Amino acid sequence: MKVLYYDCFSGISGDMNLGAMIDLGVDENYLINELNKLSINEEFSIEIKKDERKGISGTKVDVILNKLEHGYHHNEEHHHGEHHHRSFKDIEKIINESLLEESVKVISLSIFRKLAEAEGKVHNKDLYQVHFHEVGAVDSIVDIVGAAICFQYLNVDKILCSPVQLGGGFVKCAHGVIPVPAPAVMEVLKGVPVKMGAVPFETTTPTGAAILKTMVSKFTEEKEFIVEAIGYGVGNRDTEIPNLLRVYLGRVEKKQEFYFKENCFILECNIDDMNPEIYDYVYHKLFKQGALDVFITSIMMKKGRPGVKLSVLCHKDNKEELKKILFKETSTLGVRECSMVRDVLKRDFSVVKTSYGDIRVKKAYVDEEDVKVKAEYDDCKKAALEYNVPIRKVLREVYNSIK
Ligand SMILES: O=C([S-])c1cc(C(=O)S)c[n+]([C@@H]2O[C@H](COP(=O)(O)O)[C@@H](O)[C@H]2O)c1
Ligand code: NI
């Protein structure tokens with residue numbers, strides 16, 4: 001199983017994510033070619049270079065907004081300092097009408113939706129009323145669609161993430177000066193383990209947060225995988241801590257499970273006043289009704305009376321029928337019930353041909369090497385009686401033939 005792990009000790013932004021993905025091994029030409037399938041491809045270009053923070057080298061990605069001769073930037077409608085805005089609907093259209101792969105469209109749209117929902121919540125607007133600032137919209141489209149292209153390229157089974165460092169201080173944006181963590185970041189990362197204040201700057205942006213929240217299946221510090229590749233995405237600042245996003249590509253050794261869990265019940269009653277000859281009959285009835293096991297434990301009851309605890313292991317579906325048998329066929333006035341989980345070894349059945357006929361054999365697997373083999377007692381008993389031989393002779397032949 002392939003795992004992608006985000007180590008967000010210095011947070012995450014959309015650009016850092018793209019840098020980390022390329023550093024990890026995503027083919028940059030593939031990423032650029034795929035991004036060019038967007039109709040807005042003339043509005044941006046992508047600069048990819050090696051850079052470093054605190055001596056640790058990684059990949060830095062910058063989304064450069066192109067100055068168009070004809071287009072939004074010089075469009076009459078957007079003079080007088082007004083900005084063109086793209087709504088969530090516009091972005092849905094751009095993504096849906098592109099020639100990007102279907103899975104890339106689905107991932108991109110769900111990341112965008114998460115971002116738009118958070119912005120909507122913070123600014124008290126409906127999802128479809130949220131407008132992305134012109135410059136931010138192109139940047140976010142490249143960061144988010146780029147992230148989706150990388151996920152599709154890496155084709156991992158699971159994405160995990162450390163607690164996310166959000167930073168601190170204040171940041172200037174289109175709304176003015178806002179606190180860090182930015183409100184949209186907090187909204188997106190509700191319920192996610194985060195850390196704050198490592199540096200007095202913004203380390204995690206709304207786009208970075210939305211990528212994580214959409215894609216990560218578990219936020220954990222446990223790294224139960226073998227690291228096969230490491231990537232560093234370089235951030236814009238040079239802070240006291242290296243402004244890097246570290247990602248690991250890992251492999252989880254497939255552990256074969258030899259047992260499975262099963263819900264079951266124990267029915268119990270204490271008896272000190274019943275003819276002991278009857279237990280054989282009760283056992284027979286309980287097993288016939290589907291009891292998984294029936295057993296008796298000697299107990300000392302009140303008034304110094306020796307008695308027994310009759311226990312019945314069963315599944316839920318025949319529990320009530322089994323209780324009825326206990327009430328009808330024994331002297332008890334009450335039955336206790338207790339739910340439990342049992343671990344059951346995987347097993348298979350086969351038939352061994354012996355000179356005494358066919359004998360059924362059960363194999364239960366403790367692990368790859370350790371197998372418990374058991375000849376079916378009833379078959380051995382029948383064969384021993386039929387051939388008038390000691391039962392151990394039958395057993396020996398069975399075990400010798402399956403060695
Ligand atoms: O809507 C805008 S411009 C906006 C809202 C918020 C909220 O938290 S609400 C935050 N910001 C800041 O803009 C930059 C860019 O973020 P990206 O995710 O687009 O990379 C970042 O500093 C945000 O905190 C902008
Ligand atoms: Ni906002």
Side-chain angles (χ1 to χ4, degrees), residues 6 8 10-21 35 40 43-44 46-47 60-65 78 81-91 94-95 108-148 150 164-190 192 194 196-215 233-237 239 243-245:
Y6 277 88
C8 297
S10 184
I12 179 173
S13 67
D15 297 354
M16 284 164 92
N17 179 58
L18 290 180
M21 293 292 118
L35 282 169
I40 56 157
E43 293 185 39
F44 66 87
I46 295 167
E47 203 178 270
K60 181 144 184 10
V61 170
D62 286 299
V63 179
I64 313 290
L65 299 164
H78 306 110
E82 265 186 51
H83 295 289
H84 174 83
H85 289 78
R86 280 193 171 112
S87 68
F88 182 50
K89 223 176 192 64
D90 298 329
I91 289 168
I94 291 169
I95 292 171
S108 308
L109 289 171
S110 49
I111 299 173
F112 252 114
R113 174 173 279 266
K114 192 125 282 162
L115 193 57
E117 279 170 353
E119 283 283 337
K121 180 86 193 295
V122 172
H123 302 299
N124 195 23
K125 282 189 175 143
D126 179 74
L127 175 71
Y128 284 99
Q129 284 180 313
V130 170
H131 281 74
F132 293 90
H133 183 267
E134 180 188 3
V135 175
V138 175
D139 194 58
S140 301
I141 293 169
V142 175
D143 286 348
I144 289 173
V145 174
C150 293
V164 189
Q165 176 58 242
L166 305 183
F170 291 87
V171 69
K172 216 172 178 180
C173 72
H175 303 299
V177 174
I178 58 170
V180 174
V185 169
M186 281 322 290
E187 191 54 41
V188 169
L189 294 182
K190 267 189 310 199
V192 167
V194 295
M196 296 185 206
V199 281
F201 308 107
E202 181 179 53
T203 51
T204 296
T205 62
T207 303
I211 291 170
L212 293 182
K213 188 65 185 276
T214 312
M215 302 305 296
V234 179
N236 283 328
R237 291 179 183 275
T239 56
N243 191 203
L244 298 168
L245 166 65

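For ligands, and for the atoms within them, numbers begin at 1 and follow the listed sequence. Here the structure is a predicted model, which means the values were calculated and not measured.
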Peer 1: As a test of reading the structure, name the N/O/S atom of E119 that is nearest the Ni ion (ligand 2).
Peer 2: OE1
Peer 1: Within a distance under 4.0 Å of any heavy atom of S140, pick out the atoms of ligand 1 and give their elements.
Peer 2: 19 (O)
Peer 1: Taking distance alone, with no angle check, do C173 and ligand 1 share an N/O pair under 3.5 Å?
Peer 2: no
Peer 1: At their closest point, which heavy atom of C8 faces which heavy atom of L212, and how far apart are they?
Peer 2: SG-CD1, 4.0 Å
Peer 1: Go through the steps to decide whether R86 and I94 satisfy the test side-chain contact (heavy atoms from CB on, under 4.5 Å), and finish with yes or no.
Peer 2: CA-CA 10 Å; R86 280 193 171 112; I94 291 169; 3.7 Å; yes
Peer 1: Evaluate the side-chain proximity of V234 to L244: yes if any heavy-atom separation is below 4.5 Å, no if none is.
Peer 2: yes
Peer 1: Considering residues at least two apart in sequence or located in another chain, which fulfil the side-chain hydrogen bond (donor to acceptor under 3.5 Å, both in side chains) criterion with S13?
Peer 2: none
Peer 1: Within the structure provided, determine whether V164 and Y6 are in side-chain contact (heavy-atom separation under 4.5 Å).
Peer 2: no
Peer 1: Run the contact test for G14 against ligand 1 with a 4.0 Å cut-off on heavy atoms, strictly below, and give the result.
Peer 2: no
Peer 1: Go through ligand 1 atom by atom and flag the ones less than 4.0 Å from a non-hydrogen atom of I178.
Peer 2: 6 (C), 10 (C)
Peer 1: Mark up the atoms of ligand 1 that fall under 4.0 Å of a heavy atom belonging to E119, in ascending order.
Peer 2: 1 (O), 4 (C), 5 (C), 6 (C), 7 (C), 9 (S)
Peer 1: If you look at every heavy atom in G11 and M16, which pair is closest and at what distance?
Peer 2: O-CE, 4.0 Å
Peer 1: If you draw a 6.0 Å radius around CG in N124, do more than 12 non-hydrogen atoms from other residues or ligands fall strictly inside?
Peer 2: no
Peer 1: I want to know if ligand 1 touches T207 in the polar sense, i.e. an N/O pair below 3.5 angstrom.
Peer 2: yes
Peer 1: Suppose I only count heavy atoms of A184 and a 4.0 Å limit; which atoms of ligand 1 are within that range?
Peer 2: 7 (C), 8 (O), 9 (S)
Peer 1: Check ligand 1 against H123 and write out every atom of the ligand that is under 4.0 Å from a heavy-atom position of the residue.
Peer 2: 9 (S)
Peer 1: If you measure every N/O of E202 against every N/O of ligand 1, is any gap under 3.5 Å?
Peer 2: yes
Peer 1: Taking side chain to side chain contact (heavy atoms under 4.5 Å, CB included) as the test, write out the residues that go with T207, two or more places apart.
Peer 2: L115, S140, D143, I144, T205, I211
Peer 1: The Ni ion (ligand 2) and H123: any N/O/S contact shorter than 2.8 Å?
Peer 2: yes
